[in-house]
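Note sheet for the following structure.
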Amino acid sequence: MNALPPIIGDMAQTIATTTSTDVVMAGTSILSALSYCFSGVYRMSAKRDHTEPLVLDTLTIAEPSFKKSPVMSLIKRPYIQFAHDWNENSKQDIFTSQAERKLEALEKKKDVTAEEIAKLQTDLSNIPQSNFRRIAVDDVTPESLIRLLEENKTLLMISDEAGMLGNFSGRYSNNVPNIDLLLKCWNGETFISDRATRASIVLKKPYMSVCLACQPYVFDSMINNTAFRGSGLIARFLYCFPKSNIGTRKYDTQAVPRNSHRKLQKSDIQAVAG
């Protein structure tokens with residue numbers, strides 16, 4: 001972990017220690033999750049007419065009992081906590097903004113009845129949290145991903161199971177792959193969704209970092225997926241094969257210090273979440 005900056009390297013080592021796992025699993029996944037903090041903010045420029053995104057997609061492949069879930073949970077924690085805190089602190093502003101939009105719609109009407117005002121009050125009491133911040137996504141469908149990216153611009157797909165990629169390979173669309181948005185999210189390319197049942201959605205610069213773990217059989221199915229291979233999706237992942245320490249693990253290990261994730265949370269995630 002000497003190749004990583006102090007805070008990141010310390011975090012990877014701490015997670016590996018408390019979970020008694022190979023440090024490369026935590027280190028690789030942290031880099032992927034951290035790339036979310038720079039997506040849509042910076043790009044690398046090799047020359048004037050060529051840039052590359054600061055997006056790193058990773059996939060950790062390990063057998064059951066490698067403790068993938070505890071490792072990914074600790075890495076995900078600061079992002080979940082930040083989104084929760086941001087939403088709590090912004091709740092009043094969000095509700096006010098939603099109420100103002102509804103009131104503006106009523107003001108444009110010539111005649112406003114008491115029934116309409118009563119309905120507005122009822123609607124305001126049941127306002128859905130559609131404008132609340134989301135950072136981490138897990139089991140998401142292509143359709144839901146479009147909506148979430150429209151609202152949040154950037155996302156972090158992070159999970160200890162890569163099975164949700166089956167949603168994009170045609171699980172719910174008669175085996176017709178729907179991976180265009182996954183591909184465009186890597187480079188921030190414009191994505192336009194036209195559906196007969198709703199207005200068009202234009203995502204100008206969608207970005208999503210992908211941080212996943214899976215068992216070997218899931219990895220094998222991905223490698224053998226014609227759509228994934230032919231589209232180049234497989235080539236965009238950095239793969240991690242951690243070593244097993246089953247049989248030599250210790251349970252009574254040092255726990256992650258309380259609130260240790262807040263250093264990373266405040267200094268980096270703020271750049272994207274605003």
Side-chain angles (χ1 to χ4, degrees), residues 1-39 42 44 52-80 82 135-139 154-165 182-183 185-187 207-223 228 232-246 248-249 253-254 256 260-261 263-265 267-269 272:
M1 289 296 102
N2 294 332
L4 297 176
I7 293 179
I8 308 304
D10 292 346
M11 183 178 181
Q13 189 61 63
T14 300
I15 290 176
T17 298
T18 191
T19 58
S20 193
T21 56
D22 187 356
V23 69
V24 301
M25 176 159 44
T28 301
S29 299
I30 287 173
L31 287 177
S32 179
L34 187 62
S35 73
Y36 160 84
C37 301
F38 303 98
S39 59
Y42 300 103
M44 297 180 292
E52 292 289 341
L54 291 173
V55 172
L56 180 62
D57 294 347
T58 64
L59 180 63
T60 296
I61 300 95
E63 297 282 357
S65 302
F66 266 62
K67 293 192 173 182
K68 298 185 293 294
S69 296
V71 170
M72 299 298 282
S73 177
L74 287 169
I75 294 172
K76 186 191 301 186
R77 180 187 298 176
Y79 298 91
I80 298 296
F82 183 93
I135 294 179
V137 296
D138 194 330
D139 187 11
T154 58
L155 291 170
L156 170 63
M157 178 183 285
I158 179 169
S159 175
D160 59 344
E161 297 292 344
M164 95 282 294
L165 291 179
L182 281 182
L183 298 172
C185 282
W186 187 81
N187 197 35
Y207 285 98
M208 182 172 66
S209 296
V210 182
C211 178
L212 302 175
C214 71
Q215 295 183 27
Y217 81 90
V218 176
F219 173 65
D220 291 341
S221 67
M222 290 177 57
I223 292 296
F228 285 0
L233 179 64
I234 294 297
R236 297 185 182 187
F237 281 92
L238 174 66
Y239 296 96
C240 173
F241 296 87
K243 296 179 180 179
S244 172
N245 60 1
I246 296 175
T248 61
R249 289 176 180 163
T253 56
Q254 183 176 354
V256 175
S260 63
H261 62 279
K263 290 182 180 180
L264 173 64
Q265 171 181 317
S267 62
D268 297 304
I269 302 178
V272 174

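None of the values given here were measured: they were computed from a predicted structure.
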Checklist entry - So, do L212 and M164 sit near enough that their side-chain heavy atoms are less than 4.5 Å apart? => result yes

Next on the checklist: So, using side-chain contact (heavy atoms from CB on, under 4.5 Å) as the criterion, who are the partners of L233 when residues are at least two apart?
Outcome noted: L182, L183, F228, S231, F237

Next on the checklist: So, taking the atom named CE in M72 and the one named SG in C211, what distance separates them when rounded to the nearest 0.5 Å?
Outcome noted: 3.5 Å

Next on the checklist: If we ignore hydrogens and angles and just use 3.5 Å, is the side chain of S39 paired with the main-chain N or O of Y36 as donor and acceptor?
Outcome noted: yes

Next on the checklist: Could you tell me if the side chain of L165 sits less than 4.5 Å from the side chain of V218, heavy atoms only?
Outcome noted: no

Next on the checklist: Tell me every residue that passes side chain to side chain donor-acceptor pair (under 3.5 Å) with T18, counting only those two or more places apart in sequence or in another chain.
Outcome noted: none

Could you go through residues 238-245 and list every donor-acceptor pair under 3.5 Å that involves a side-chain atom there, pairing it with any protein atom two or more places apart or in another chain?
{"residue": "Y239", "atom": "OH", "partner": "I234", "partner atom": "O", "Å": "2.7"}
{"residue": "S244", "atom": "OG", "partner": "I246", "partner atom": "N", "Å": "3.2"}
{"residue": "N245", "atom": "OD1", "partner": "R249", "partner atom": "NE", "Å": "3.1"}
{"residue": "N245", "atom": "ND2", "partner": "S20", "partner atom": "O", "Å": "2.7"}

Checklist entry - Under the side chain to side chain donor-acceptor pair (under 3.5 Å) rule, what pairs show up with a residue in residues 156-165, not counting sequence neighbours? => result S69-D160, D138-S159

Which atom pairs, donor and acceptor, lie under 3.5 Å between side-chain atoms of residues 55-67 and protein residues at least two apart or in another chain?
{"residue": "D57", "atom": "OD1", "partner": "V210", "partner atom": "N", "Å": "3.0"}
{"residue": "T58", "atom": "OG1", "partner": "S32", "partner atom": "OG", "Å": "3.3"}
{"residue": "K67", "atom": "NZ", "partner": "T19", "partner atom": "O", "Å": "3.2"}

Item to check | Any L74 side-chain heavy atom under 4.5 Å of R77 side chain | outcome: yes

Next on the checklist: Rounded to the nearest 0.5 Å, what separates atom OG in S73 from atom CD1 in I80?
Outcome noted: 9.0 Å

Checklist outcome for this item: Separation between CD1 (I30) and CD1 (I7), nearest 0.5 Å, reads 11.5 Å

Item to check | For S221, all residues meeting side chain to side chain donor-acceptor pair (under 3.5 Å), sequence neighbours excluded | outcome: none

